Trainee: 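Can you read through this structure? Questions will come right after.
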There are 2 protein chains.
Amino acid sequence: MATIKDVAKLAGVSKATVSRVLNGNERVSQIARDKVKQTMKELGYKPSALAQALATNRSRTIGMVVSDLSGPFFGPIMKSAEKVIRDAGFQLVVTNGHGQEDREREAIEFMTNRPVDALILTVFALPEEEIVELHRNGTPIVLLNRRIQGFEDNCIYLDNKQGGYLATKRMLELGHDRVAFLAGHFTHPDSLERLEGYQQALDEFGIPFRQDLVFDDDYNEDGGRRMCQKLLNLKRDFSAIFCGNDLIAIGARDVLNQHGKLQSTCMVGFDDVTFAQYLNPSLSSVFFPVEQMGERAGHMALAMAGHKTAAVTHVLQPRLIERESLMAAQPND
Amino acid sequence: MATIKDVAKLAGVSKATVSRVLNGNERVSQIARDKVKQTMKELGYKPSALAQALATNRSRTIGMVVSDLSGPFFGPIMKSAEKVIRDAGFQLVVTNGHGQEDREREAIEFMTNRPVDALILTVFALPEEEIVELHRNGTPIVLLNRRIQGFEDNCIYLDNKQGGYLATKRMLELGHDRVAFLAGHFTHPDSLERLEGYQQALDEFGIPFRQDLVFDDDYNEDGGRRMCQKLLNLKRDFSAIFCGNDLIAIGARDVLNQHGKLQSTCMVGFDDVTFAQYLNPSLSSVFFPVEQMGERAGHMALAMAGHKTAAVTHVLQPRLIERESLMAAQPND
DNA sequence: TTGTAAGCGTTATCAA
DNA sequence: TTGATAACGCTTACAA
């Protein structure tokens with residue numbers, strides 16, 4: 001690999017001059033500039049990002065910690081974030097936090113040792129103080145899907161309450177007055193906010209909230225299966241189900257199907273992951289603007305890393321995607 | 001951030017000594033070692049991976065280029081690769097090649113400037129020579145889903161022919177003698193290999209190959225829709241369909257469903273992406289061991305980066321996952 | 001406009 | 001067993 005030294009020598013100038021033409025414009029004579037550019041080409045010279053980082057104390061790298069490197073939710077977020085980050089000439093480095101406190105901490109440490117110019121975090125387990133402190137210690141942070149008091153400027157999250165509201169309201173409009181809610185664990189703030197939306201819709205329609213129609217469990221298929229099973233076992237009367245996310249919906253459908261109730265139950269999921277539309281009947285869902293979130297996160301991180309970018313919104317708005325699962329069933333089946 | 005200098009000064013030793021205890025064991029007195037470790041803790045000292053990389057010319061970083069940062073196929077590959085890489089104390093850096101030649105080239109350049117100690121590539125568009133040359137020029141390469149003559153030691157790929165064979169054979173066994181094949185583009189070697197397997201199965205059952213039952217198009221839902229539509233328009237007689245991947249299968253199902261033929265058509269997809277099991281009827285598919293591929297790739301890359309690891313296999317074996325889509329239909333419907 | 005030289009935080013060579 | 005000191009490839013005062 002050719003170094004700056006080689007270029008300088010061959011071009012007959014000093015390293016400083018080469019460095020100058022490298023870093024866009026400074027005061028370099030046209031002759032020198034041309035000569036240097038020319039020799040750079042000849043040698044196939046590429047500056048070492050490493051050496052630059054060490055010298056400038058900026059790595060042009062943005063770190064990202066997600067709870068699951070695979071899966072339909074984080075993929076699109078990563079993808080869109082990577083796009084804006086790479087377009088800015090920065091590099092995105094992603095690592096998996098697995099949603100566990102110690103893994104998350106380790107992942108972050110791993111990144112800060114590199115180091116990164118900014119960090120995009122989706123961590124649920126890590127205590128708030130650590131996050132805020134990290135930021136104060138000089139690693140700029142963008143926090144996704146989590147809101148910390150007094151740290152709102154660094155957070156990007158969905159209006160979960162609105163999501164819960166939209167879903168529930170639509171089902172009520174369709175005449176379903178007994179809407180169950182199979183939520184993710186209520187230890188998770190998102191779940192509670194979605195519950196608030198659910199309640200708000202009920203209030204508006206003058207329908208009393210019934211604790212016995214609400215369950216919480218894991219945010220995945222098994223959680224959905226368990227909750228739906230409970231719902232059926234308890235012989236609760238219901239004609240519609242609002243699910244905390246699409247995976248829960250899938251598990252619940254499984255159980256409903258076994259009981260021959262899949263077609264007759266109105267259902268809305270949450271997130272609108274790609275495969276929701278491919279299910280049969282297709283699953284209605286609260287659309288989570290994941291691409292938008294990734295994009296915003298990228299811009300925000302770049303801004304913090306000193307790269308100028310547009311202003312960002314911190315609260316994203318969901319919207320309801322209506323599909324077969326919403327329309328097929330009749331309230332009084 | 002505390003540097004090695006700070007530690008040295010406070011501990012009353014030289015930088016060299018600190019560096020020695022840092023890099024595991026060398027000849028350092030117990031007293032010095034303890035003292036240094038102690039002060040490291042006090043100062044919360046973390047070595048700069050950057051400076052280490054510059055000095056050693058090894059970054060402890062593995063790069064990875066995928067064709068799609070989101071999507072059900074690459075997610076699990078990345079996830080499992082990241083696990084083994086991180087467990088070895090290395091960092092995985094992923095970027096998106098978008099399956100386009102120029103983007104792929106750019107992505108690779110981006111990584112080699114960092115630099116990385118090895119590169120895991122899933123690139124379909126980039127010419128073979130460039131890949132091989134890159135390797136020769138000192139960036140060790142692991143190539144996924146692609147086999148280059150004389151470069152096999154660096155490649156990890158699925159036995160696609162076997163996959164095609166298994167799927168087709170099973171359908172033939174079930175009595176379907178008119179099996180259509182909706183493939184990905186035949187410019188893609190994988191598609192051709194799967195076709196070979198398809199033909200082999202036909203041969204074994206003494207069933208003549210019929211060109212008019214074979215189509216190729218994009219490896220996605222739209223491709224599947226188009227091909228299935230053609231198949232129906234041409235009034236070909238068929239009772240089973242083998243699809244080049246699960247996305248094609250989904251598109252085809254869509255069309256079949258519109259024609260009331262979904263339940264009566266035997267179908268097998270390829271890849272066995274997560275949602276295949278959630279479709280209704282659930283989709284049979286040729287299982288692609290993605291986790292295994294990611295793992296192997298990680299190990300291989302680490303080995304090339306000088307980190308000792310176990311030997312790896314280069315050819316992965318598929319297996320058939322039988323679900324409802326295979327059993328529901330009768331050959332003579 | 002250009003060059004010299006110090007510095008970024010490490011490792012590594014060579015003496016001591 | 002230790003410590004100077006020169007690298008690694010680049011940036012950036014400061015001087016010329």
Side-chain angles (χ1 to χ4, degrees), chain A residues 1-37 39-40 43-61 89 91 111-117 138 306, chain B residues 1-37 39-40 43-61 89 91 109 112-117 138-139 305-306:
Chain A
M1 265 299 156
T3 80
I4 201 175
K5 211 169 157 183
D6 303 326
V7 177
K9 187 178 295 178
L10 194 59
V13 298
S14 72
K15 290 195 300 175
T17 303
V18 177
S19 175
R20 283 180 190 116
V21 341
L22 208 54
N23 296 293
N25 333 351
E26 303 228 0
R27 286 85 90 79
V28 179
S29 67
Q30 205 40 254
I31 326 161
R33 180 183 310 281
D34 291 346
K35 180 74 185 155
V36 169
K37 283 194 170 169
T39 29
M40 279 185 181
L43 266 46
Y45 168 75
K46 301 281 171 209
S48 153
L50 217 56
Q52 295 186 128
L54 186 61
T56 56
N57 197 28
R58 317 168 102 272
S59 61
R60 298 189 73 83
T61 295
Q91 168 89 46
M111 317 234 62
T112 49
N113 291 166
R114 297 274 108 192
V116 294
D117 293 343
Chain B
M1 265 298 156
T3 81
I4 201 174
K5 210 168 158 184
D6 303 326
V7 177
K9 186 177 294 177
L10 194 58
V13 298
S14 72
K15 290 193 300 175
T17 302
V18 178
S19 176
R20 283 182 189 113
V21 341
L22 209 53
N23 296 293
N25 332 352
E26 304 228 358
R27 286 85 92 80
V28 179
S29 68
Q30 206 39 256
I31 326 160
R33 180 182 311 281
D34 291 346
K35 180 73 186 155
V36 168
K37 283 194 170 167
T39 28
M40 279 185 182
L43 265 47
Y45 168 76
K46 302 281 173 209
S48 154
L50 219 54
Q52 288 179 324
L54 186 61
T56 56
N57 198 28
R58 316 169 101 273
S59 61
R60 297 188 74 82
T61 295
Q91 168 90 46
E109 207 166 280
T112 49
N113 292 166
R114 299 273 110 193
V116 294
D117 292 343
T139 307

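Since the model is a prediction, treat every value here as computed from it, not as a measurement. Throughout, a chain's letter reflects where its sequence line sits, starting with A, and its residues are numbered from 1.
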Trainee: Under the side-chain hydrogen bond (donor to acceptor under 3.5 Å, both in side chains) test, which residues partner B:Ser19, sequence neighbours left out?
Mentor: B:Asn23
Trainee: Can you measure A:Asp6 atom CG to D:dC8 atom C1' for me and round it to whole angstrom units?
Mentor: 13 Å
Trainee: Whole Å only: how far is the CG atom of A:Asn57 from the P atom of C:dA6?
Mentor: 21 Å
Trainee: Give me the bend of the helix from C:dT1-D:dA16 to C:dA16-D:dT1, using the axes of the five pairs at each end, rounded to 10°.
Mentor: 40°
Trainee: Could you work out which one of D:dG3, D:dT1, C:dT2 sits closest to the side chain of B:Ala16?
Mentor: D:dG3
Trainee: Listing request: all side-chain hydrogen bond (donor to acceptor under 3.5 Å, both in side chains) pairs with a residue in residues 1-12 of chain A, at least two apart in sequence or in separate chains.
Mentor: none
Trainee: Evaluate whether atom CG of A:Asn57 has more than 12 neighbouring non-hydrogen atoms of other residues, nucleotides or ligands under 6.0 angstrom away.
Mentor: no
Trainee: Grab the N/O contacts between the protein and nucleotides 7-10 of chain C below 3.5 Å, and write none if there aren't any.
Mentor:
residue, atom, partner, partner atom, Å
C:dC8, O2, A:Ala55, N, 3.4
C:dT10, OP1, B:Tyr45, OH, 2.9
C:dT10, OP1, B:Ser48, N, 3.0
C:dT10, OP2, B:Ile4, N, 2.7
C:dT10, OP2, B:Tyr45, OH, 3.4
C:dT10, O5', B:Tyr45, OH, 3.3
C:dT10, O4, B:Lys15, NZ, 3.1

Trainee: Under the rule for side chain to side chain contact (heavy atoms under 4.5 Å, CB included), what residues qualify as partners of A:Lys46, not counting sequence neighbours?
Mentor: B:Glu109, B:Asn113
Trainee: Within the 4.0 Å heavy-atom criterion, would you say A:Val18 contacts the bases, only the backbone, or no part of the nucleic acid?
Mentor: nothing
Trainee: Which part of the nucleic acid, if any, lies within contact of A:Ala32, taking any heavy atom under 4.0 Å across all strands shown: a base, the sugar-phosphate backbone alone, or nothing?
Mentor: sugar-phosphate
Trainee: Starting at CG of A:Leu43 and ending at C1' of D:dG9, how long is that distance when rounded to a whole Å?
Mentor: 15 Å
Trainee: Which atoms of nucleotides 14-16 of chain D (N or O only) lie under 3.5 Å from a protein N or O atom, and what are those distances?
Mentor:
none

Trainee: Can you see which heavy atom on A:Lys15 is nearest to which on A:Ala8, and at what distance?
Mentor: N-CB, 3.7 Å
